[in-house]
Amino acid sequence: MSENISSSLNQDWGEKVILVVEDVDTNKIFFDAALRKTSAKILWAKDGKEAVDMFQNNEIDLVLMDLQLPIMDGYTATKEIKKINSSIPIIAQTAHVMSGEREKCLEVGCDDYLAKPIRLQILMETLSKYLNK
């Protein structure tokens, strides 16, 4: 069991680019710390419009999408990104864990869903599902 945990935490994604869409500084700090050891290149967007623009201008392997964002929300940004590349994995991350939220995320095109506060182990297992193909 503990071997499983350490193997999911010790990832080498040096060839991968992850776009993290997050407007709250404390959450940015968490993702930065969680992903630093993976060697992945991390791009940051603070709102949905910036996320769509960055996606258009970069080769991105996965998107971690907050849903409650200024300017353009994560639902709209997800739809726009999926129009550009329907095969890109987008993982929603939200503090709104009301019933039906997961279904709404999947409906707009998210491939997976993480409820905040996000546990490191669950984050790494979820990312591994999409990046270790």
Side-chain angles (χ1 to χ4, degrees):
M1 174 75 182
S2 63
E3 191 176 303
N4 251 359
I5 291 171
S6 66
S7 71
S8 72
L9 294 180
N10 294 320
Q11 298 292 335
D12 180 5
W13 295 323
E15 303 294 311
K16 304 292 183 181
V17 179
I18 300 171
L19 173 59
V20 180
V21 188
E22 178 57 69
D23 63 324
V24 177
D25 286 340
T26 53
N27 294 333
K28 283 182 185 171
I29 292 165
F30 167 76
F31 287 118
D32 185 50
L35 299 171
R36 186 174 299 132
K37 286 185 177 176
T38 69
S39 299
K41 180 177 180 191
I42 310 298
L43 301 178
W44 298 96
K46 60 186 174 300
D47 62 64
K49 183 181 180 331
E50 188 179 0
V52 173
D53 292 345
M54 288 182 89
F55 188 81
Q56 287 175 315
N57 296 312
N58 294 277
E59 290 289 322
I60 292 170
D61 296 292
L62 181 138
V63 179
L64 260 172
M65 179 71 72
D66 188 13
L67 299 174
Q68 309 303 316
L69 295 165
I71 303 173
M72 178 192 290
D73 67 38
Y75 300 103
T76 305
T78 294
K79 287 187 219 173
E80 293 300 312
I81 288 171
K82 286 290 189 170
K83 282 182 199 170
I84 300 164
N85 179 350
S86 62
S87 67
I88 186 78
I90 299 179
I91 300 169
Q93 36 125 350
T94 183
H96 293 268
V97 290
M98 296 169 283
S99 101
E101 191 69 26
R102 183 181 187 90
E103 291 73 21
K104 186 176 177 184
C105 291
L106 299 175
E107 230 171 69
V108 299
C110 292
D111 297 278
D112 220 319
Y113 172 94
L114 296 169
K116 290 179 184 173
I118 299 168
R119 289 191 13 241
L120 178 60
Q121 178 70 23
I122 292 170
L123 171 68
M124 298 308 285
E125 286 172 359
T126 304
L127 293 178
S128 295
K129 239 189 320 190
Y130 298 98
L131 293 175
N132 294 346
K133 289 186 172 179

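Every heavy atom of this structure was used, including side-chain atoms; hydrogens, water molecules and symmetry mates were not.
To the nearest 0.5 Å, atoms OG1 (T78) and CG (D73) are separated by 8.5 Å. For the atom pair L64 CG and I118 CD1, the distance stands at 7.0 Å (nearest 0.5 Å). Between L19 atom CG and I81 atom CD1 the span is 6.0 Å, to the nearest 0.5 Å. To the nearest 0.5 Å, atom CG of residue L127 and atom CD1 of residue I122 are 12.0 Å apart. Between the OG1 atom in T126 and the CZ atom in R119 there is a gap of 10.5 Å [rounded to 0.5 Å]. With rounding to the nearest 0.5 Å, the separation of CD in E125 from CD in Q11 is 10.0 Å.
Annotation for Q68 and D23: closest pair O-OD1, 3.6 Å, computed over non-hydrogen atoms. Across R36 and D32, no two heavy atoms sit closer than the pair NH2-OD2, 2.6 Å. Shown here for A34 and L123, the closest heavy-atom pair between the two residues is CB-CD2, 3.7 Å. Nearest approach of P70 to D47, heavy atoms of both residues: O-CB, 3.1 Å. Across M65 and A77, no two heavy atoms sit closer than the pair CE-CB, 3.7 Å.
Between I71 and E50 the shortest side-chain heavy-atom distance does not fall below 4.5 Å. Side-chain contact between L67 and K104: absent, with no pair of heavy atoms (C-beta onward) separated by less than 4.5 Å. Looking at heavy atoms from C-beta onward, V20 lies in side-chain contact with L35 at the 4.5 angstrom threshold. You'll find the side chain of D112 stays beyond 4.5 Å of the side chain of P89, heavy atoms only. Contact check for L62 versus K16: no side-chain heavy atoms found under the 4.5 Å cut-off. For the pair F30/E22, no side-chain contact is recorded, criterion being any heavy-atom separation below 4.5 Å from C-beta on. Under the 4.5 Å side-chain criterion, counting only non-hydrogen atoms from C-beta, V52 is in contact with I84.
Both L120 and W13 belong to a common hydrophobic cluster when Ile, Leu, Val, Met, Phe, Trp and Tyr are linked at side-chain heavy-atom distances under 4.5 angstrom. Y130 and L106 are not part of a single hydrophobic cluster, where members link through side-chain heavy atoms under 4.5 Å apart. Clustering ILVMFWY residues whenever any of their side-chain heavy atoms sit less than 4.5 angstrom apart, transitively, puts F31 in a cluster other than the one holding I29.
Looking at K83 and E80, a side-chain N of the basic residue comes within less than 4.0 Å of a carboxylate O on the acidic one, giving a salt bridge.
Using a distance-only test at 3.5 Å, with no hydrogens or angles considered, no donor-acceptor pair links the side chain of D61 to the main chain of I18. Side-chain N or O atoms of K82 include one that pairs as donor or acceptor with a backbone N or O of I88 at under 3.5 Å.
Among the candidates K116, K46, Q93, the single residue satisfying the side-chain hydrogen bond (donor to acceptor under 3.5 Å, both in side chains) test with D66 is K116. Put simply, the residue from I91, V63, I90 that forms a side-chain contact (heavy atoms from CB on, under 4.5 Å) with C110 is I90.
Evaluation of the salt bridge (Lys or Arg N to Asp or Glu O under 4.0 Å) rule for K49 yields D53 as partners, not counting sequence neighbours. For K79, there are no side-chain hydrogen bond (donor to acceptor under 3.5 Å, both in side chains) partners at least two apart in sequence or on another chain. Residues satisfying the side chain to side chain contact (heavy atoms under 4.5 Å, CB included) test with N58, not counting sequence neighbours, are L43, M54, I60.
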